[in-house]
Amino acid sequence: MSILSKLLKKKHSRKKNDNYRQKQDPASPAELLIQREYQDNLARMKRELGNSTDLVVREIKIGQNQGALVFIDGLVDAKTISEFVVETMMDKNIPNENFDIFQYALNKTIALGSVKTITNWNELYDLLLSGCTIIFLNGYNKAICGETKGFEKRSIDEPSQQLSIRGPKDSFTETLRVNTALIRRRIKSPNLWIDSMKIGRVAQTDVAIMYIKGIADDKIVQEVKTRLNRIDIDAVIDSGYIEQLIEDETFTSFPTTYHTERPDVVSSQLLEGRIAIVSDGSPYVLTVPAIFVQFFQAPDDYYSRFDLSTSIRFLRIIAFFISLIGPSLYIAATTYHQEMIPTTLVIAIAAQRENVPFPAFFEALIMEITFEILREAGLRLPRAVGQAVSIVGALVIGQAAVQASIVSPLMVIVVSITAIANFSTPVFAMAISTRLLRFALMIMAAFIGLFGIMVGLMLMSIHLCSLRSFGVPYMSPLAPFNGEDQQDVFIRYPLWALKNRPKYISKGNRIRIGENQKPEPPNQSSADKPGSGKGNQE
Amino acid sequence: MIKRHAVFWLYFAMIPLLGGCWDQKELTDLAFVTAMGIDKGTGGAAYNISYQVVIPANVASGTMAGGGGGQGPTIVVYNSSGNTLTEATREMKKQIPRRLYFAHTGIIVIDEDVARKGIMRLLDPLDRDVQFRTTTLVTVAKDYKAIDLISTLANLDKIPMNKIIKTLEVAESVLGESIQVTVDDIMLNITNPGKEAVASVYTMKGNPKKGISQDNIKYTRPPAVLKADGIAVFKEGKLVGYLEGESARGAVWLFNKMKETYINFGIKGENNAVSIIPFKSKVKTAITVKNGQPVANINIMSIFRLSEINTKYNINDPGQIEKLEKKAAAQIKKEVVSSIRTAQKYKSDIFGFGEQMYRSNPQQWKNFKTDWNSMFAVMDFHVNVNAYYRESGLKGNPFWNDTEK
């Protein structure tokens, strides 16, 4: 493990050196300025953009002045440009006097919501490439930039991964602004702050940090910003890149950041004092700090009543353990601890295994790997062949495998229940982590039985307790134990009893709900029959 | 530094290998011993041990894929002689292709002759063995050899051991004439100066030669059927006699293990006209010393329901009910007295009166401790039974009341 990290470090540092070599010398400030001659500017732009074919240059005349309109095709809304920029500029009524045509154009002709003046090429490229329209006017060493963004984007769909029975049905899209708007629409507070930055030396991806001032811990906000600023990479294609570059511990199978495609989940986490990292181009929003128990909290838990949510959460925890130790328990019990199985069952299992030539461990390994292959294949299947594979899969894990004496029927049951249980974990990142650890535990069980499983689970617990997510202990509020925060761990308290925000995460305003929020029937005896309210007074 | 870390992790990763598949045993390498029989040895050896080993493939239902469906018998019985249990067991391995596995042994059947000679030398190996459970039941084979009993195939349970265990269970809880005794119980009672050991008794109805064939389970009336039959009384580790029928029931009352049984008695001059089922009972025993002699005071409280009443009788009349209750109590008392008398005849305090005395009066106990059993044989006792009628079943007064004839 340590060697690996060392190697990675070496590689990393070499890359850094390469980057330094590639990095161009910073241009002198004079070179970055926009020239007075608009033709010079156009030429420079064409040269620097390599005559890219999606660069549209339209020369216009505004009053007496020559000028040009530049935008990137596909990133802008063509209709907006033609109606609110071109049409107004070509207005014949522009006075002919000798006055500051630039100010006139800026103030009077461009009918856009957001316009600004720019003088710097770097800024110009940033805006141009994110969908703005740039207007050069001859004789001015500055340009007008109009906000004309209007690229094609996916509409808001239902979530595809994190489904819920009850609750909102919208999910994030690939567009940063849409995503932040989805969150802001839920939290209409001026305290919901958004910080933006661009990450990716080449791609310049917009990344927004969202948090609620006064609820989120400022130290953690600062830490998130520091970590994001540290990122030096060519591009951030998905929020997964950010996750891997800011997480506390790489060598763990447990996720130390939370990601979701549900705006409602992000909103509620913001209200718990967490910080959301929205990355343009990714429909998954990261939230930090993430703690272990959070991965067993599904959005449904809070939308349905507390007794149901609590029991379903218990079910989820049981399913977590089944998916973690199901096959290893089978291995341990059938190869080491036959005395633990009821007599009738042990004889039935023995009968099933009579014709299976492999030891229980290999039997389990074969089935588990087969299932993992099927699952992975199923994930990437073109829809047209899906059915064929599911039929074949059913044959492989099922009657045929049993009849071929490769596995015993009980093994099929164990693999199936393990697989199904695995899907009940609400967050995929945690589910996949259990999948991985399952194999380690199977090996431990094969070597030293239940003892091995216990050792494995202990090592896992030690490891879990050593993890931190942005300074917050991963196992909190279980270890370190915090009685106050238990209200949302195993038992989801009634909503009116969920009084405080998590202690380790939020700072400052920690009261979530007011006093006396417990719903009660109307106080009838005192309202309807004054004088007979003796019972109520007590 | 990096080297040291690497070495550490390498060693760490190898820790699981150190076990080297410690104690690993695949199911298919095991011979599950479900019952064990102990008979007198042949050719000078002290014991002849027989093991009932399950054939898993034959137990599983016919539709089971892979197993091929069971055609042969579900068990095979191996036996071997030796002077100790260990010797006989190890000798037996010449015949068995798999490792014997004792964790699922449900019952030990001890032959009557062996039991009469003493079971003391059988207990330590059972207690000491890692796999063997001390919760295994112990039973005495009466009139038949132990190997005959454990070789007999049974109908309702594919594994004959299960039939023996379940029959004992039912006989204890529904009939109250049998009792489940484990190796642990026997060890406890043998080492207890104020109590003697008991065991359940098994015998066979029919022909043991036919029981070992699979034909036995093809008949609707199997030629060989095992049946629980009372309680064996031990004294100082040696079988001294049996309690049967009434006296066995009385003993179960005294063990305070009575759950359900039946009691017949006559009323209005008609024999066995009434059958009742006591279903809740409580027994309290107190030992006092009177004139230097121990006296047992036994209080029994029992609640019963009516099962049959075959004569005209008004069961709604409290006076009549009281009559029923008195009769029931008298019958219970008769059983208990008969049980104590039989145990006194064997001079074996299976009820633990001595232990009771030790608990309530340890000082006095010291005087009786040395020769308790002979003291027990002549001790006085008082039995007081209170029976209460609580349920009449689905009917009130019997139909006899409406007959005009």
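Since the model is a prediction, treat every value here as computed from it, not as a measurement. Residue numbers start from 1 in every chain, and the chains themselves are labelled A, B, ... in the order their sequence lines are given, proteins ahead of strands.
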Got more than 12 heavy atoms from elsewhere within 6.0 Å of [atom1], [X]?
X        : atom1 : answer
A/Phe451 : CZ    : no
B/Lys210 : NZ    : no
A/Arg227 : CZ    : yes
B/Leu126 : CG    : yes
B/Arg90  : CZ    : no

Select, from B/His104, B/Met161, B/Gln131, the one with the greatest count of heavy-atom pairs under 4.5 Å involving chain A. B/His104
Walk me through it: do B/Lys25 and A/Tyr336 pass the test side-chain contact (heavy atoms from CB on, under 4.5 Å)? CA-CA 6 Å; B/Lys25 33 193 191 299; A/Tyr336 289 97; 5.6 Å; no
Considering all heavy atoms, the nearest B/Leu27-A/Thr334 contact: CG-O, 3.5 Å
Would you mind checking which part of [X] comes under 4.5 Å of any heavy atom in chain A, side chain (CB onward), backbone (N, CA, C, O), both or neither?
X        : value
B/Asp29  : neither
B/Ile55  : neither
B/Tyr101 : side chain

Taking NZ, NE, NH1 and NH2 as the nitrogens, is one of them in A/Glu354 or B/Arg98 under 4.0 Å from a carboxylate oxygen of the other? yes
Salt bridge or not between A/Arg353 and B/Glu26? Use side-chain N to carboxylate O under 4.0 Å. yes
Side chain, backbone, both or neither: which part of A/Ile406 has an atom under 4.5 Å from a heavy atom of chain B? neither
Which region of A/Ala446, side chain (C-beta onward) or backbone (N, CA, C, O), has a non-hydrogen atom less than 4.5 Å from a non-hydrogen atom of chain B, or is it both or neither? backbone
Just verifying a value: how many Å separate [X] [atom1] and [Y] [atom2], rounded to the nearest 0.5 Å?
X        : Y        : atom1 : atom2 : result
A/Thr344 : B/Ile159 : OG1   : CD1   : 5.5 Å
A/Asn355 : B/Thr28  : CG    : OG1   : 10.0 Å
A/Glu339 : B/Phe132 : CD    : CZ    : 14.0 Å

